[in-house]
Amino acid sequence: MRYQSLRRIKKQAIAAMLLAALCMGTGLLILHREFMTPMTPVPAKQPLKGEVTASAAPVQTAVSGIAPIRRHIVVQGETLSGIAEQYHIDVATIMGANENAGEILQVGQELLILPDKGVIHTVRSGDTLWDIAHRYEADLTAICLANGKINQDDTITEGEQLFIPGGRRPLRQLQPASRSQGIRFAWPVQGEISSPFGYRWGQLHAGIDIANDAGTPVRAALAGRVIYSGWYGGYGKTVILEHGQGYTTLYGHLSQTAVDQKRYIETGELVGYMGSTGRSTGPHLHFEVRINDVPINPIQALP
């Protein structure tokens, strides 16, 4: 009887050992399968249209804490406003980083694409970080952070390119070219100048009035971004465009606007229709050109 009990206990122990081994083997098999299952490959990020990757064309600019500066090669059919929209920046930022960037782009032209609003400065002999911040009306701490500098006394070398967050080109670089040098602006509408730029009745008339029939199409004098579209006090229905490098244009007394705010438009694109809204004595377009919000005579900026 005792012998049979021992045999039974021994059989139960062997069965338990076999069961444990089986379970362990199954677990190992599951783990083995889990770790051996190939991972789904992550597709490589595709570059934007015309973008050149950093490895293909590195930019010699140290930028820390923000996205890197990129290069863009212009391809057939691209425009400045389209490229700006592609990279989620504005035209002013592209023009601030590329002094030779104009309304007309050339296929194969190379553009620096900044990670945020600002400009690129190439260090000249005698430059200091404080001087650069003052020149561009920018924050010194932001410049140091964006370019991996410890403080304003950190070393900068001649020829080094610095990203100036929020920087603006000095006013002296923004004056419109003479007629002999060529002007970027186009006439926004056809008609007769009924009132010139200048003082009248003791107040500055900050633009020119161009008269024509009500409903005459009014078009953008230069590619840019719509920063205002709607009723604008005595100007009535108005559109204001930002073109970069401090330039803006204003189109007032419209009977109807044709563009929405934050939209990028091209030179010659419809912005509205001539009217007589606001303080107006008859159908005409009140057209202004400003540099850093200071009005200039539009005739100086038109062909």
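We're numbering straight along the sequence, starting at 1. All heavy atoms count here, side chains included; hydrogens, waters and symmetry mates do not.
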Given L129, which of D153, V123, N151, L162 fulfils the side chain to side chain contact (heavy atoms under 4.5 Å, CB included) condition? L162
For A214 and P283, work out which heavy atoms get closest and say how close. N-CB, 3.8 Å
Side chain T257, main chain G272, donor-acceptor under 3.5 Å: no
Do R219 and P188 come within less than 4.5 Å of each other through their side chains, counting heavy atoms only? no
Please tell me if the side chains of F287 and V218 come closer than 4.5 Å, counting only heavy atoms from C-beta onward. no
Side chain to side chain contact (heavy atoms under 4.5 Å, CB included) evaluation trace for F163 with I120: CA-CA 5 Å; F163 170 47; I120 285 289; 4.2 Å; yes
Would you find a donor on one side and an acceptor on the other, under 3.5 Å apart, between the side chain of K262 and the backbone of R225? no
Taking all non-hydrogen atoms of both residues into account, name the closest pair between Q152 and C144 and its distance. N-SG, 3.9 Å
Are the side chain of T277 and the backbone of K237 linked by a donor-acceptor contact shorter than 3.5 Å? yes
Might you point out which heavy atoms bring V259 and R263 nearest each other, and give the distance in Å? CG1-NH1, 3.6 Å
Scan side-chain atoms only and decide if T216 and D213 contain a donor-acceptor pair under the 3.5 Å cut-off. no
Spell out, as yes or no, whether a donor-acceptor pair under 3.5 Å connects the side chain of S255 to the backbone of Y273. yes
The reported gap from CD in E242 to OG1 in T249 (rounded to nearest 0.5 angstrom) is 10.5 Å
Under 3.5 Å, is there a donor-acceptor pair linking the side chains of D127 and H121? yes
Measure up the H286 and H253 rings against each other and bin them: parallel (under 30°), tilted (30 to 60°), perpendicular (over 60°). perpendicular
Please report the C-alpha distance between Y264 and T79 in whole Å, then the side-chain angles of each, then the deciding distance to 0.1 Å, and finally whether the side chain to side chain contact (heavy atoms under 4.5 Å, CB included) criterion is met. CA-CA 10 Å; Y264 290 95; T79 62; over 6 Å; no
Side-chain H-bond candidate by donor/acceptor type, H243 with Q245, under 3.5 Å: no
Looking at W231 and G233, would you say the former's side chain and the latter's main chain have a donor-acceptor pair under 3.5 Å? yes
For the residue pair S195 and I208, establish whether any side-chain heavy-atom pair is separated by less than 4.5 Å. no
Determine whether V289 and Q300 make a side-chain contact, defined as any pair of heavy atoms from C-beta on separated by less than 4.5 Å. no
Is there side-chain contact between P217 and L270, with heavy atoms separated by less than 4.5 Å? yes
Are any non-hydrogen side-chain atoms of V226 and L241 less than 4.5 angstrom apart? yes
Using only heavy-atom distances, determine whether the side chains of H72 and Q86 contain a donor-acceptor pair under 3.5 Å. no
Closest approach of A142 to P165 (non-hydrogen atoms, all atoms of both residues): O-CG, 3.8 Å
With side chain to side chain contact (heavy atoms under 4.5 Å, CB included) as the criterion, how do D260 and S229 come out once you've worked through the C-alpha distance, each side chain's angles and the decisive distance to 0.1 Å? CA-CA 6 Å; D260 298 322; S229 179; 5.5 Å; no
So, do I94 and Y87 sit near enough that their side-chain heavy atoms are less than 4.5 Å apart? no
Hey, what do you get for CD (E288) to OH (Y251), rounding to the nearest 0.5 Å? 11.0 Å
Rounded distance [0.5 Å steps], NE2 in H284 versus CG in N212: 12.0 Å
Go through the steps for Q261 and Y228 under the test side chain to side chain contact (heavy atoms under 4.5 Å, CB included), then give the verdict. CA-CA 6 Å; Q261 287 184 214; Y228 189 84; 4.1 Å; yes
Could you grab the distance from atom CG of L145 to atom CG of D139, nearest 0.5 Å is fine? 9.5 Å
Look up atom OH in Y235 and atom CG in L254, then write down how far apart they are to the nearest 0.5 Å. 12.5 Å
pair I156-N147: side-chain heavy atoms closer than 4.5 Å: no
